[in-house]
Amino acid sequence: MTRIAIVTGAARGIGAAIAARLAQDGCDVAALDVADCGATVAAVQALDQRALAVGADVADEESVARAVERVASDLGPPTVLVNNAGILRDGMMHKLSADSWDRVLDVNLRGAFLMCRAVQPHMREAAWGRIVNLSSTAALGNIGQANYSAAKAGLQGFTKTLAIELGRFNVTVNAVAPGFTITAMTRGTAERVGVPFDEMEAEMVRRIPVGRAGRPEDIANAVAFFADERSGFVSGQVLYVAGGPRA
């Protein structure tokens, strides 16, 4: 049976890698993002799976409702959801604006809530579902990221609560928490703080026991485990994918 998966923030980086990995595992994929998902759709189709690009702001309730309705209409009822969409608005707490706080919480945490609420009726009807939320090692605390850390820690509590609420419907809910991973977002962070990315990567790698930075495919492989048919007895868990206990 072909599962229909929704991946948010799927235009590039980790989201695009997750979409491709789920396609490798036999899912048809809806790629949601505010950016163009044409490349992600092409990658999924190259793996002989159906794909759909949907423009959506996950922080907007009506946008989410329209997006999920379109996925259900064009591909079929979604029973796999990966909440990957996220943004950064870094700054020390005493300099952090209320707008930067709100926007990060809206996209990273409210967005996951809205997506889960919109998709879960399809999972209940199918009596099967997989939800994977993208947290971060920042949930454990990271200087200059009070907003992002709060959102990612909130996602972990949200994950555990949904696992309890939805378990009786044969729906599992888990979280993947990446460590330092090479993406456009991390490159953008280096640019904003005025540090060459190679120097930032070298400094981060010194703290990682396995001796390298993460790749989007590393995160996608962890998501694929939770999304698999065979992972039905694993729920409410947070898996740190960081090359060590914390990196």
Side-chain angles (χ1 to χ4, degrees), residues 6-15 18 31-35 37 54-68 81-120 131-166 173-181 183-193 216 219 223 226 236-242 246:
I6 294 178
V7 181
T8 69
R12 61 183 184 174
I14 290 172
I18 291 169
L32 271 63
D33 208 307
V34 293
C37 288
V54 182
D57 176 359
V58 297
D60 182 83
E61 188 171 6
E62 292 184 4
S63 180
V64 165
R66 289 193 301 268
V68 173
L81 170 63
V82 182
N83 286 307
N84 168 72
I87 62 169
L88 293 172
R89 295 287 186 275
D90 292 351
M92 298 296 287
M93 193 272 289
H94 66 282
K95 296 181 179 179
L96 195 64
S97 70
D99 181 68
S100 292
W101 175 274
D102 290 343
R103 187 57 183 161
V104 167
L105 270 290
D106 281 350
V107 174
N108 292 277
L109 186 55
R110 171 185 166 90
F113 157 67
L114 291 175
M115 288 299 305
C116 287
R117 191 179 65 175
V119 170
Q120 57 87 27
I131 296 173
V132 186
N133 297 317
L134 269 291
S135 181
S136 168
T137 55
L140 303 173
N142 198 31
I143 190 168
Q145 291 192 319
N147 48 3
Y148 189 72
S149 295
K152 293 304 188 179
L155 268 177
Q156 295 189 15
F158 178 63
T159 294
K160 291 178 180 294
T161 297
L162 281 197
I164 297 168
E165 291 186 1
L166 298 179
V173 189
N174 293 285
V176 170
F180 180 74
T181 305
T183 65
M185 183 179 286
T186 52
R187 290 183 183 278
T189 297
E191 184 176 344
R192 282 195 303 275
V193 299
I219 315 307
V223 170
F226 285 132
Q237 303 304 304
V238 179
L239 176 61
Y240 285 87
V241 184
R246 176 181 180 181

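- No side-chain heavy atom of Asn142 sits less than 4.5 Å from a side-chain heavy atom of Thr137.
- For the pair Ser135 (side chain) and Gln156 (backbone), a donor-acceptor distance under 3.5 Å is absent.
- The side-chain hydrogen bond (donor to acceptor under 3.5 Å, both in side chains) analysis of residues 104-120, with sequence neighbours excluded, yields the pairs Glu61-Arg117, Gln120-Arg124.
- Nearest heavy atom pair, residue Gly15 against residue Val7, reads O-CG1, 3.6 Å.
- Nearest heavy atoms, Leu109 versus Gly154: CD1-C, 3.7 Å.
- Taken to the nearest 0.5 Å, the CE atom of Met92 stands 4.0 Å off from the CD1 atom of Ile143.
- Minimum heavy-atom separation, Asn147 to Arg89: ND2-O, 2.9 Å.
- Using a 4.5 Å heavy-atom cutoff, the side chains of Gln145 and Leu88 are in contact.
- Using a 4.5 Å heavy-atom threshold, the side chains of Thr161 and Phe158 count as separate.
- Listed for the Asn84 side chain is no donor-acceptor partner under 3.5 Å among the backbone atoms of Leu134.
- A pairwise comparison of heavy atoms in Ala10 and Ala31 identifies CB-CB, 3.6 Å as the closest pair.
- Between the side chain of Asp33 and the backbone N or O of Ala11 there is at least one donor-acceptor pair closer than 3.5 Å.
- Lys160 has its side chain within reach of Val238: a pair of non-hydrogen atoms, C-beta onward, lies under 4.5 Å apart.
- A distance of 5.5 Å separates SG in Cys116 from CG in Leu162, rounded to the nearest 0.5 Å.
- Put simply, the residue from Val176, Val173, Asn174 that forms a side-chain contact (heavy atoms from CB on, under 4.5 Å) with Gln237 is Asn174.
- Taken from OH in Tyr148 to CD1 in Ile87, the straight-line distance is 10.0 Å, to the nearest 0.5 Å.
- With a 4.5 Å cut-off on side-chain heavy atoms, Val58 and Leu114 do not count as touching.
- Taken from OG1 in Thr181 to CD1 in Ile219, the straight-line distance is 4.0 Å, to the nearest 0.5 Å.
- Distance check, rounded to the nearest 0.5 Å: CG of Asn133 to NZ of Lys152 gives 8.5 Å.
- Atom CG in Leu32 sits 7.5 Å away from atom SG in Cys37 (nearest 0.5 Å).
- When each of Ile131, Leu81, Asn83 is checked for a side-chain contact (heavy atoms from CB on, under 4.5 Å) with Ile6, only Leu81 meets the rule.
- Between Arg12 and Thr183, the closest side-chain pair of non-hydrogen atoms is not below 4.5 Å.
- A distance-only check finds a donor-acceptor pair linking the side chain of Thr8 to the backbone of Ala85 [under 3.5 Å].
- For the residue pair Leu96 and Ala146, the shortest heavy atom distance occurs at CD2-CB, 4.5 Å.
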